[in-house]
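Working notes, structure below.
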Amino acid sequence: MDRYAVLGQPVAHSLSPRIHAQFARQAGAEISYQAIEVAPANLAERLAELHAQGYRGLNLTVPHKAAGAAACVSAGAAALRAGAVNTLVRLEQGWHGENTDGPGLVQDLAGNLGVALAGRRILVLGAGGAARGIVEPLLRQAPAELVVAGRNPWKAEELAAAFKTLGPIRPCTFLALKGDRFDIVLNATSAGHRGEAPRLPAGLLAAGALAYDLNYGRAAAPFLEWAQAQGAQQRSDGLGMLVEQAAEAFALWRGLRPSTAPVLQALRSDAAG
Ligand code: ATR
């Protein structure tokens, strides 16, 4: 049986084992997929162990995406630029790293939610690891402008500088956003994990704008409540992105992209129940 796992800390509540079990059922494949708790200090050692044990592929989640990139023997171009990997593919000599978070987000926005990205004004809130993983795939969709806003101005500046050859990206502080309007606002901060929303000026949402949180469940609630109070006509958490990034990972491992709609629907109806 082919073995896979997701490594994180904490990882007990990860939905990835469920998602991949459903993908495997669809594909008629017998796989095992575990959630393994790993402390940052033990990551490199665990990665080597799991490779030696014959694991076919791994997912990395918080807080391992950047350190995981450093432990790979090779990586895709987008993962290298992001400096973060969420999917490891077995090679004979070690792990190959990819980042499927950005492609998963684009697929959720454009495919599942039917939101066009080309020519739109996009705002990314936050300039940490989550933001780094999504900037390149977003720029490849040819937005009119992509503004990265961070609480720490220098982090947003550094991020925008790293990607400026790929398209119209501009750093900004939260305060200086005042007066600007966006068609799509993506929350890539970790504020929701502490029950907070980023402190933003009012009036950022253009008519018909989409407000999207990369987190899902309770962590997405504060930002989506802010968006509702600001009159956002479309709001979504990141559950669709989670399922889509998993489908991209499954495709890298097994050469077949599963159908995501039934899996997303099952997760949503569980959450509602
Ligand atoms: P992740 O890997 O989830 O992106 P991270 O690299 O720690 O985690 O980045 C989290 C981002 O959310 C950072 O940009 C952080 O801002 P700082 O760099 O100023 O810490 C941002 N963030 C966290 N809490 C926030 C809050 N309450 N308001 C605004 N931004 C916040």
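Atoms within a ligand are numbered from 1 in the order they appear, just like the ligands themselves.
Centroid-to-centroid, the aromatic rings of Trp253 and Phe250 stay 6.0 Å apart or farther.
Residue Asn86 forms a side chain to side chain donor-acceptor pair (under 3.5 Å) with just one option from Gln245, Glu248, Glu98, His64, and that option is Gln245.
With Arg3 contributing its side chain and Gln53 its backbone, the two residues share a donor-acceptor pair below 3.5 Å. In this structure, His96 contributes its side chain and Thr87 its backbone to no donor-acceptor pair below 3.5 Å.
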Present, as a list of atom pairs with distances to 0.1 Å, all nitrogen or oxygen contacts under 3.5 Å between ligand 1 and the protein.
residue  : atom   : partner : partner atom : Å
ligand 1 : 4 (O)  : Gly129  : N            : 3.1
ligand 1 : 4 (O)  : Ala130  : N            : 2.8
ligand 1 : 6 (O)  : Gly129  : N            : 2.9
ligand 1 : 12 (O) : Ser190  : N            : 3.1
ligand 1 : 14 (O) : Ala127  : N            : 3.0
ligand 1 : 18 (O) : Lys155  : NZ           : 2.8
ligand 1 : 19 (O) : Arg151  : NE           : 3.0
ligand 1 : 19 (O) : Asn152  : ND2          : 3.3
ligand 1 : 20 (O) : Arg151  : NH2          : 2.7
ligand 1 : 24 (N) : Arg194  : NH2          : 2.9
ligand 1 : 27 (N) : Glu196  : OE1          : 2.9

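The aromatic rings of His20 and Phe23 sit perpendicular to each other, their planes meeting at more than 60°, with 30° as the lower class boundary.
Taking a 6.0 Å sphere around CZ of Arg218, one finds it holds 12 or fewer heavy atoms contributed by other residues, nucleotides or ligands.
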